[in-house]
Amino acid sequence: LAHRYFMGIRTGLDEAAEESDGLNTWMDRLKSSFPIRKDIVYLPEYKLRMVTPKLKLEANFDLLIVNRDSIEIWDWKTHGERQGGRKGLLDKKLSGSLQTMVYMYVLKSLAGLVTEREPDFESISMHYWQPDPPKVISEIRYGSEMHERFGKILEQKVKTILEYDYDGFDKDLYSKHCRLCEFNWFCNNERVDFKAIEEDGSFMDEIDWDDVEERL
């Protein structure tokens, strides 16, 4: 729906339909927070791929906002108040998350495909936004030091994956994460019911936030 809005296409939501109430509310908040301006370029659902001798990366952005002096990455999060209640901890995790590193590193490396100029590091930022309640839950400003650090981390992660001893993998060490893992089928032949988990709402409390990054 956000994609359609930023493309200038009607969302198709039936405002009178009861099942659309929640989505209509979210869309109203999105439109209020992001009014369309003619002097700005909006690139929703935008994809960039980069290939180097050490890295093959793909970033799928919810939205890029290209202004004369800046490029903003926007990512939608929909967990609502539960995220808001962990603002400080969540902000720290998002700032150093694998998603943040990949998105910002790829964008700076391929910025010439997005805009005609070569942007400064400081002109790139990433924002995580939620509609319920509507607010930015994390904002990260880029820099040359971050770019160099992110590149080294990503190269090391790829190296670790390629050299990992999968035959010796002990899944029991990670069993507490299986309930929330989209690849649970491959390890345990069990599918994760994400709808039930989201409705239950307790999954945010089950995540070991101090250990998330190491388990990626």
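To the nearest 0.5 Å, the span separating CG on Leu48 from CG on Leu43 amounts to 9.0 Å. Met126 contributes atom CE, which lies 4.5 Å from atom OG1 of Thr100 (distance to the nearest 0.5 angstrom). Lys56 NZ to Met50 CE: the interatomic distance, rounded to the nearest 0.5 Å, is 12.0 Å. To the nearest 0.5 Å, the span separating CZ on Phe186 from SG on Cys181 amounts to 9.5 Å. Between atom CZ of residue Arg37 and atom OH of residue Tyr42 there is a gap of 6.5 Å, rounded to the nearest 0.5 Å. For the atom pair CD1 of Ile153 and OH of Tyr105, the computed distance is 11.5 Å after rounding to the nearest 0.5 Å.
Under a 4.0 Å N-O distance rule, the pair Asp39/Arg68 does not qualify as a salt bridge. With respect to the salt-bridge test (charged N to carboxylate O, under 4.0 angstrom), the residues Glu139 and Arg141 qualify. One finds a salt bridge joining Glu148 and Lys152 here, because a Lys/Arg side-chain nitrogen approaches an Asp/Glu carboxylate oxygen to under 4.0 Å.
Each of Tyr128, Phe61, Phe34 was scored for a ring-ring contact (aromatic ring centres under 6.0 Å, His included) with Trp74, with one residue passing: Phe34. For the side-chain contact (heavy atoms from CB on, under 4.5 Å) test with Leu63, the passing option among Trp129, Trp76, Tyr46 is Trp76; the others fail.
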Self-check item: Residues His147, Ser109; criterion side-chain contact (heavy atoms from CB on, under 4.5 Å); working and verdict
Solution: CA-CA 9 Å; His147 189 72; Ser109 300; 3.6 Å; yes
Quiz item: After noting the C-alpha distance and the side-chain angles of Ser70 and Ile124, does the key distance pass the side-chain contact (heavy atoms from CB on, under 4.5 Å) rule?
Solution: CA-CA 6 Å; Ser70 65; Ile124 294 176; over 6 Å; no
Practice problem: Would you please test Tyr5 and Met27 for side-chain contact (heavy atoms from CB on, under 4.5 Å) and show each step? | Solution: CA-CA 9 Å; Tyr5 169 66; Met27 286 306 300; 3.9 Å; yes
Quiz prompt | salt bridge (Lys or Arg N to Asp or Glu O under 4.0 Å) between Glu155 and Lys159, intermediate numbers included | solution = CA-CA 6 Å; Glu155 288 179 8; Lys159 184 174 183 289; over 6 Å; no
Self-check item: Test log, rule side-chain contact (heavy atoms from CB on, under 4.5 Å), inputs Asp75 and Gln99
Solution: CA-CA 10 Å; Asp75 192 79; Gln99 180 183 11; 2.8 Å; yes
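Under the 4.5 Å side-chain contact rule for hydrophobic residues, Ile9 and Leu23 do not share a cluster. Under the 4.5 Å side-chain heavy-atom criterion for Ile, Leu, Val, Met, Phe, Trp and Tyr, Met7 and Trp26 are members of distinct hydrophobic clusters. In the hydrophobic clustering of this structure, Leu98 groups with Tyr142; members are Ile, Leu, Val, Met, Phe, Trp, Tyr whose side-chain heavy atoms approach within less than 4.5 Å, directly or through other members. Note on Val51 and Leu57: separate hydrophobic clusters, where clusters join Ile, Leu, Val, Met, Phe, Trp and Tyr whose side-chain heavy atoms are under 4.5 Å apart, directly or indirectly. Both Ile65 and Ile36 are members of a single hydrophobic cluster when ILVMFWY side chains are connected at heavy-atom separations under 4.5 Å.
The shortest side-chain heavy-atom distance between Phe6 and Leu30 falls under the 4.5 Å cut-off. At a threshold of 4.5 Å between non-hydrogen side-chain atoms, the residues Leu64 and Leu107 count as touching. Between Arg29 and Asp132, the closest side-chain pair of non-hydrogen atoms falls below 4.5 Å. Side-chain atoms of Ile140 and Met146, non-hydrogen and from C-beta on, do get closer than 4.5 Å to each other.
There is no side-chain donor-acceptor pair under 3.5 Å between Asn67 and Glu72. In the model, Asn60 has a side-chain atom that pairs as donor or acceptor with a side-chain atom of Glu58 under 3.5 Å. Using a 3.5 Å distance cut-off with no hydrogens or angles, the side chains of Ser175 and His177 do not pair a donor with an acceptor.
Not a single donor-acceptor pair under 3.5 Å links the side chain of Ser32 to the backbone N or O of Asp28.
Within the structure, salt bridge (charged side-chain N to carboxylate O under 4.0 Å, His left out) contacts touching residues 101-117 (residues at least two apart or in different chains) are Lys108-Glu118.
Residues forming a ring pair (Phe, Tyr, Trp, His ring centres under 6.0 Å) with His3 (at least two apart in sequence, or on another chain): none.
Of all non-hydrogen atoms in Thr115 and Pro119, the two that sit nearest each other are CG2-CD, 4.3 Å.
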